[in-house]
Amino acid sequence: MKSFEDEKTQVNEVDRSIYDIKDEVRPSFEVASGLTPEIVEQISEEKHDPEWMRIFRLKALDIYNSMPLPNWGPPLDGLDMGNIVTYVRPDTPMVGSWKEVPKDIKDTFERLGIPEAERKSLAGVGAQYDSEVVYHNVSAEVEAQGVVYTDMESALTGPYADMVKKHFMKLVPPTDHKFAALHGAVWSGGSFVYVPPGVSVEIPLQSYFRLNAPGAGQFEHTLIIVDKGAYLHFIEGCSAPKYNVANLHAGCVELFVGEGARMRYSTIENWSKNMYNLNTKRARVEKGGTVEWVSGSFGSHTSYLYPMTILQGEDSHMEFTGITFAGAEQNLDTGAKVVHNAPHTTSHISTKSISRDGGISTFRSSVKISEEAKGAKSSVSCESLMLDSKSRSDTIPAMDIACAEADAGHEAKIGRISEQAVFYFMSRGISEEDARAFIVGGFAEPIAKELPLEYAVEMNNLINLEMKGSIG
C-alpha cells in the first residue's frame with residue numbers, strides 16, 4: 001500500500017491558453033532590430049517628437065552604451081539587443097470608439113476582458129498594442145472633474161507639454177541603470193494622468209499593454225501626477241503570447257503624489273515565458289500623502305521588478321502588497337524599495353511568493369532611512385511557499401538606517417505545503433488535489449482581496465483554480 005509520503009505533490013504549469021493566442025503580425029511600420037543612433041533618430045521622427053525629446057533620446061542612448069549589465073540578479077544571457085525590434089507600430093491609428101478598433105486587435109482585448117471591465121466598473125481605459133496606444137477613452141464625468149487621462153504622445157505635444165517636460169524621467173533618470181537608459185532612448189506609448197487638487201476619482205482608470213510581435217520590445221511610459229488632496233486608483237495589466245525568441249519589456253512608471261494626496265497603483269504582470277521583464281516603477285510622496293502599490297508578478301522568463309517609493313514629505317506613507325508566482329523556466333527577482341527622507345514617515349512592505357516545478361523566486365527589498373527622518377517607521381514582511389523539492393526561494397533584505405530615532409524591522413518565512421494540513425483536509429473527505437489548491441489559494445488570498453475584482457479573478461485562475469486537476 002502506498003504511504004501518504006508517496007502521494008503526488010508536483011503542481012504542473014498553469015493554463016495560459018487565453019494569453020498565448022497569437023494574432024497575425026502586420027505592422028504598418030517597424031524599425032530594424034538592434035540599437036543604433038540611426039534607429040533612435042528614426043523612432044523620434046516617427047513619433048513627431050519635439051526637439052528636446054529627440055536630444056533626450058540620443059543622450060539616453062549614450063548612457064545606455066556606457067553602462068554595464070547588472071551582475072547581481074538573474075542572468076540576462078539570453079537577451080541580445082541586436083535581435084530586439086524596439087518599435088513596432090500596429091496597422092491602426094489610436095481611436096476613441098471601440099467599434100473603430102480593427103477586429104483582430106479588438107478580439108484580443110475582448111478575450112482578455114477589455115473593454116468588458118470598462119463597461120462595468122472603470123472610469124477610463126487605454127489599450128496599447130505593441131508600441132502604440134490603439135484605443136483610449138475616458139468617461140464624461142471624470143473629464144468634467146478636470147482629470148486628464150490621455151496617451152503620452154498626445155500629452156507630449158498637447159496642452160500639457162510643459163508639465164510632461166517638467167516631470168518626464170525626473171524620478172527615474174536614464175543614469176539610474178542600464179535599462180532605464182534604454183527606456184529613455186526608445187520609449188513609446190503609455191499613459192499620462194493629471195488629477196487636479198482636491199479631486200477624488202472614485203472609479204479606477206486602467207491601461208492594458210499587449211505585446212504581440214515576436215522578438216520585439218515594449219517600452220511604454222506612464223506618468224501620473226496626483227495633485228494636493230486628490231485621490232486616484234490606477235490599474236495596469238500586461239500580457240503577451242509565447243514565442244521561441246526573446247521579447248523585452250522595459251517600461252517606466254513615474255508617480256508624483258502631492259501633499260495630502262492618495263494614490264493606489266495596482267498591477268498584474270502576466271508576460272509569457274520568453275519575456276525579459278526589466279520594468280522600473282517609482283513614486284515620490286509629499287507631506288501627508290500616501291501611495292499604495294498592489295503588485296502581481298506571474299509571467300516572464302526573467303524579472304527585475306522593485307517598485308520604489310521616495311517619502312519626501314513629513315508624515316507621508318507607503319504600503320506595498322505583492323505576490324510572485326514562479327514556475328518552470330522562470331527566475332523572478334521581485335520586491336520593493338523605500339527611502340524615508342522626512343520625519344514621521346511610515347512604510348510597510350508585505351509580499352508572498354509561490355514557486356513550483358523548478359521556478360526561482362527571489363524577494364529583494366531595500367529600506368533607507370535618512371538622518372532627517374526622525375520618528376520614521378518601516379516594516380518588511382515576506383512569506384515564501386515552495387510546492388516541490390525542485391523549486392527555490394530566497395530572501396535578500398537590505399536596510400540602511402542613518403537615524404537613531406527610527407524603527408525598522410524585517411520578518412521572513414519560507415516553507416513548503418504542510419503534509420499535515422493536506423492530511424487534515426483529506427481526513428474530512430477532500431481530495432489531495434482540492435486540499436493543495438485550497439492551501440495555495442488561502443496563502444494568496446490576502447493579496448487577492450486587495451486587487452480590483454477582474455484582476456482578483458485573473459489571479460485566482462492563474463494560481464488556484466487552474467491547479468485543480470493538474471497535480472501529478
Side-chain angles (χ1 to χ4, degrees), residues 13-14 16 33-35 63-86 172 174-183 185-186 211 214-219 238-252 269-281 295-308 322-337 351 353-366 382 384 386-398 412 414:
E13 180 71 44
V14 296
R16 284 186 44 90
S33 59
L35 190 62
I63 295 169
Y64 171 84
N65 287 328
S66 69
M67 298 184 81
L69 286 169
N71 60 3
W72 43 265
L76 299 172
D77 305 344
L79 178 61
D80 182 355
M81 284 306 301
N83 295 328
I84 296 292
V85 178
T86 53
V172 185
T175 52
D176 201 69
H177 58 83
K178 190 173 183 69
F179 292 98
L182 173 65
H183 175 89
V186 300
L211 183 57
Q218 193 171 63
F219 308 95
C238 327
S239 69
K242 186 176 182 180
Y243 292 101
N244 59 1
V245 294
N247 278 46
L248 170 63
H249 177 236
C252 180
E269 300 208 358
N270 189 29
W271 299 112
S272 56
K273 287 192 178 178
N274 59 300
M275 179 71 77
Y276 285 82
N277 183 30
L278 311 174
N279 209 3
T280 307
K281 302 180 180 184
S295 178
S297 298
F298 302 100
S300 78
H301 175 270
T302 300
S303 279
Y304 285 64
L305 182 60
Y306 327 96
M308 179 178 178
I323 188 162
T324 299
F325 191 103
E329 305 170 14
Q330 289 184 280
N331 191 334
L332 307 186
D333 201 297
T334 63
K337 302 178 182 180
T351 70
S353 68
I354 301 167
S355 53
R356 57 108 184 97
D357 202 19
I360 301 172
S361 175
T362 301
F363 169 77
R364 199 180 297 268
S365 66
S366 172
C382 60
S384 302
M386 293 176 288
L387 303 187
D388 53 55
S389 58
K390 297 191 297 180
S391 304
R392 176 171 172 171
S393 181
D394 294 295
T395 300
I396 307 175
I414 298 178

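As the structure is a computational prediction, the values presented were derived from the model and not from experiment.
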Between [Y] and [X], is there a side-chain donor-acceptor contact under 3.5 Å, judged purely by atom types and distance?
| X | Y | value |
| --- | --- | --- |
| Ser384 | Ser353 | yes |
| Thr334 | Ser297 | no |
| Thr280 | His177 | yes |

side-chain hydrogen bond (donor to acceptor under 3.5 Å, both in side chains) pairs touching residues 64-77, sequence neighbours excluded, are none
Measuring from [X]:[atom1] to [Y]:[atom2], what's the distance to the nearest 0.5 Å?
| X | Y | atom1 | atom2 | result |
| --- | --- | --- | --- | --- |
| Ser393 | Ile360 | OG | CD1 | 10.5 Å |
| Glu329 | Asn274 | CD | CG | 10.0 Å |
| Lys281 | Leu305 | NZ | CG | 5.5 Å |
| His183 | His249 | NE2 | NE2 | 9.0 Å |
| Met275 | Thr302 | CE | OG1 | 11.5 Å |
| Thr86 | Phe219 | OG1 | CZ | 6.0 Å |

Could you check whether any side-chain heavy atom of [X] comes within less than 4.5 Å of a side-chain heavy atom of [Y], counting everything from C-beta outward?
| X | Y | value |
| --- | --- | --- |
| Leu248 | Met81 | yes |
| Met67 | Thr175 | no |
| Val85 | Ser33 | yes |
| Pro74 | Thr362 | no |
| Ile354 | Ser361 | no |

Do you know which two heavy atoms are closest between [X] and [Y], and how far apart they sit?
| X | Y | value |
| --- | --- | --- |
| Leu76 | Pro70 | CD1-CG, 3.9 Å |
| Lys337 | Tyr306 | CE-CB, 4.0 Å |
| Ala250 | Asn279 | C-OD1, 4.3 Å |
| Phe325 | Leu332 | O-CD1, 3.4 Å |
| Ile63 | Ala181 | CG2-CB, 3.8 Å |
| Ser355 | Gly359 | CB-O, 3.6 Å |

Taking Lys390 for the side chain and Ala328 for the main chain, is one N or O donor matched with an acceptor at less than 3.5 Å?
no
* Asked: Do Ser391 side-chain atoms and Asp357 backbone N/O form a donor-acceptor pair below 3.5 Å?
  ->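 Side chain of Ser391 to backbone of Asp357: a pair is present.
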ring-ring contact (aromatic ring centres under 6.0 Å, His included) partners of Phe363, counting only residues at least two apart:
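ring-ring contact (aromatic ring centres under 6.0 Å, His included) check on Phe363 returns nothing, list empty.
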Legend entry - Under the ring-ring contact (aromatic ring centres under 6.0 Å, His included) test, residues paired with His301 that sit two or more places apart: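 Expected list: Tyr276.
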Step by step, would you call Ile84 with Leu79 a side chain to side chain contact (heavy atoms under 4.5 Å, CB included)? CA-CA 8 Å; Ile84 296 292; Leu79 178 61; 4.2 Å; yes
